[in-house]
Participant: 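Shown below is the structure under consideration.
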Amino acid sequence: SLRERLEGVFKGLKNRGKLTEEDISAALRNVRRALLEGDVNFRVARDLVEKIRERALGRDVLDSITPAQQVIAIVFEEISALMGGGRHALAFSSKPPSKYLLVGLQGSGKTTTCVKIAKKISDSHKPLVVACDFRRPAAVEQLRVLAQQAGIGFFGPEEGEKDARLIVDKALDYAAQRLYDVILFDTAGRLDIDEDLMDELASLGQAVEPTETLLVVDAMTGQEAVNVASAFHGRIPLTGIVLTKVDGDSRGGASLSVRAVTGVPVKFAGVGERIADLEQFDPDRMAQRILG
Amino acid sequence: LFSGEVPTESFWDSLEETLISGDAGIELTGEIIRNLREKSGFFRAMNRENGLSLLAGVLYEHLAAVKGTGEPVRFGQAPTVVLLLGVNGSGKTTTAAKMAWNLQKEGKKVILAAADTFRAAAADQLKAWGERSGTRVVTHAPGGDPGAVVFDAIQAAKAGGHDCLVIDTAGRLHTKANLMEELIKMTRIIERNCPEWIVESLLVIDAVTGQNGFRQAQAFGNAIPLTGAVISKYDHTAKGGIILSVGRELGLPVRYVGLGEGIEDLKLFEPEEFVDALLG
Ligand SMILES: Nc1nc2c(ncn2[C@@H]2O[C@H](COP(=O)(O)OP(=O)(O)OP(=O)(O)O)[C@@H](O)[C@H]2O)c(=O)[nH]1
Ligand SMILES: Nc1nc2c(ncn2[C@@H]2O[C@H](COP(=O)(O)OP(=O)(O)OP(=O)(O)O)[C@@H](O)[C@H]2O)c(=O)[nH]1
Ligand SMILES: [Mg+2]
Ligand SMILES: [Mg+2]
């Protein structure tokens with residue numbers, strides 16, 4: 001663990017007396033290693049380590065009899081600060097319906113998350129999920145089945161309908177008629193480097209005028225998390241992140257990278273395949289996990 | 001900076017950033033850079049260009065040493081069964097469809113098995129693909145036993161004189177013991193019912209996966225014998241560098257890469273192309 005490694009670094013030094021800048025550098029190499037092993041982006045890790053270095057060179061560390069502890073505390077505080085501390089709840093519109101747009105790479109968990117969020121708020125709201133993925137075979141059917149299992153309202157395209165913008169208008173009318181006060185739009189997975197699909201996303205955003213645009217990110221995403229998040233954020237302003245498959249054993253450093261590069265908070269964690277498996281994101285638990 | 005003298009610290013730093021940014025991991029990157037620095041002592045004029053080509057050679061050797069790298073699914077006297085497995089959303093179902101199409105183009109008679117009986121509309125998804133490729137798909141009602149689908153598909157493959165059975169399984173996290181047990185049970189059914197067939201168990205890994213890709217290969221490989229990996233979504237900018245340690249430490253070869261969402265977007269893995277892309 002990082003704590004053990006840092007204690008190892010500082011172990012022989014307590015007898016020598018003063019800690020030096022060299023000792024701190026050795027400690028920070030271990031911190032950097034932990035972050036990179038945890039899938040934090042190279043540059044995000046570098047910037048974070050520099051912030052930690054500035055503080056670790058202060059008197060309260062250099063004169064401390066428990067420097068490892070001091071450094072660990074600083075590491076956690078800096079990660080916490082970067083994560084944006086505290087819990088971030090889903091925003092609701094002051095003028096219903098609240099509209100949520102779920103976006104992200106292929107296979108990240110958007111369709112499942114759409115129904116999970118709907119289920120979570122269904123005791124205080126009347127949510128409708130809308131299928132806007134006409135590309136993936138049986139994507140509409142997948143959302144329909146999940147919505148049915150969750151007892152959530154569903155709206156999908158007619159046979160052969162291919163225009164996402166048209167579906168958005170119809171869905172808004174349908175929701176108004178049936179008094180749904182929350183509408184969640186499930187979109188097709190897309191690569192951030194696919195110009196046409198990123199254009200489509202921008203135009204979807206204009207049609208929906210979402211209360212929240214949630215980027216769904218797989219917890220096992222590696223270094224590319226930064227490129228993906230900033231590309232999506234550049235095309236359609238993100239308001240929240242959902243980290244999925246947190247029930248696996250990936251360290252989840254992508255969550256830190258995405259937060260660092262977009263400034264957008266992680267709101268939820270997907271912790272399983274069942275509809276109930278959605279939790280409020282806990283930044284402190286994630287920080288511990290990233291460091292291993 | 002790169003005019004042909006001893007490489008500077010920033011030369012090694014930029015190499016380190018390139019490898020780590022490509023998901024090669026800090027452990028393997030450190031080792032590669034250390035070895036390269038030793039070797040570079042023998043070069044009077046190491047600049048960025050020959051430094052990179054030296055590195056490319058090293059990485060290519062790493063991959064070439066992994067038996068089975070870039071090799072297609074094997075065929076022999078008996079039929080072949082291709083089992084596609086991996087974590088949720090990695091691209092198994094789409095890869096199964098692509099595989100069927102690909103093998104049919106080679107003249108093989110292929111049958112598909114929709115052994116994901118859990119996820120919503122999983123069988124519908126594979127059935128839709130089967131219609132596009134003109135491939136028969138064995139399906140059961142949702143909620144059924146995936147082992148039963150495998151069993152029926154084997155019988156159907158035998159009865160129909162198929163050359164190849166491609167089995168699509170449900171996504172599963174390797175941390176879930178009961179799901180790994182379900183996978184093991186499927187391989188036992190294959191062993192018992194078509195013991196003389198060639199079995200290709202391919203782990204589908206999303207190219208964007210970070211260090212957890214190694215954990216996946218390790219955990220799935222501990223549960224059942226893997227014969228290869230497929231790197232899906234390789235049409236992304238993600239470099240898939242994790243496969244270097246997967247190959248090196250676990251001896252698992254990458255056989256194919258997925259290059260898009262269309263049925264033809266599957267091709268054999270090419271180590272040279274991979275290394276060039278990784279090094280930019
Ligand atoms: N274990 C686990 N599996 C999840 C989680 N969220 C989603 N999944 C699974 O991940 C796979 C992909 O989920 P989808 O909801 O289809 O992903 P998607 O983003 O809609 O995929 P595309 O529409 O193809 O881009 C499915 O097998 C889901 O059951 C999670 O939090 N934990
Ligand atoms: N761009 C791109 N997308 C891909 C590729 N392979 C699969 N996909 C997409 O990734 C998403 C998930 O693919 P699936 O085949 O459903 O993945 P899966 O592993 O079967 O998912 P589960 O069964 O839910 O675990 C879909 O949107 C696919 O179109 C690829 O090579 N490139
Ligand atoms: Mg989807
Ligand atoms: Mg599937």
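Here is how names work: the chains are called A, B, and so on, in the same order as the sequence lines, proteins then strands, and each is numbered from 1.
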Participant: Which region of A/L105, side chain (C-beta onward) or backbone (N, CA, C, O), has a non-hydrogen atom less than 4.5 Å from a non-hydrogen atom of chain B, or is it both or neither?
Facilitator: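 Contact with chain B involves the side chain of A/L105 alone.
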
Participant: Flag the one option from B/Q125, B/E17, B/Q211 with the top tally of heavy-atom pairs under 4.5 Å to chain A.
Facilitator: B/E17

Participant: Select one option (side chain, backbone, both, neither) describing which atoms of A/R251 are under 4.5 Å from chain B's heavy atoms.
Facilitator: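 For A/R251, there is no contact with chain B at all, as no heavy atom is under 4.5 Å.
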
Participant: With chain A, which of B/T209, B/D124, B/L126 has the greatest number of heavy-atom pairs at distances under 4.5 Å?
Facilitator: B/T209

Participant: Run the salt-bridge test on B/D145 and B/K185 with the 4.0 Å N-O cut-off and return the result as yes or no.
Facilitator: yes

Participant: For chain A, which candidate among B/A121, B/G241, B/A128 shows the most heavy-atom pairs at distances under 4.5 Å?
Facilitator: B/A121

Participant: So does A/D218 pair up with A/K245, basic N to acidic O under 4.0 Å?
Facilitator: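 Looking at A/D218 and A/K245, the cut-off is met.
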
Participant: State, with a plain yes or no, whether a side-chain heavy atom of A/Q288 is found less than 4.5 Å away from one of A/R285.
Facilitator: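 Of all side-chain heavy-atom pairs linking A/R285 with A/Q288, none is under 4.5 Å.
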
Participant: Between B/K127 and chain A, which part of the residue has a heavy atom less than 4.5 Å away: side chain, backbone, both or neither?
Facilitator: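 For B/K127, there is no contact with chain A at all, as no heavy atom is under 4.5 Å.
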
Participant: Counting only non-hydrogen atoms closer than 4.5 Å, does B/Q216 touch chain A with its backbone (N, CA, C, O), its side chain (CB onward), both, or neither?
Facilitator: side chain

Participant: Between A/R144 and chain B, which part of the residue has a heavy atom less than 4.5 Å away: side chain, backbone, both or neither?
Facilitator: neither

Participant: So do the side chains of B/L183 and B/L179 get within less than 4.5 Å of each other, counting heavy atoms only?
Facilitator: no

Participant: If you count heavy-atom pairs under 4.5 Å between each of B/T94, B/T93, B/D235 and chain A, which one has the most?
Facilitator: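 Heavy-atom pairs under 4.5 Å are most numerous for B/D235.
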
Participant: Can you tell which part of A/N41 gets under 4.5 Å to a heavy atom of chain B, answering side chain, backbone, both or neither?
Facilitator: neither

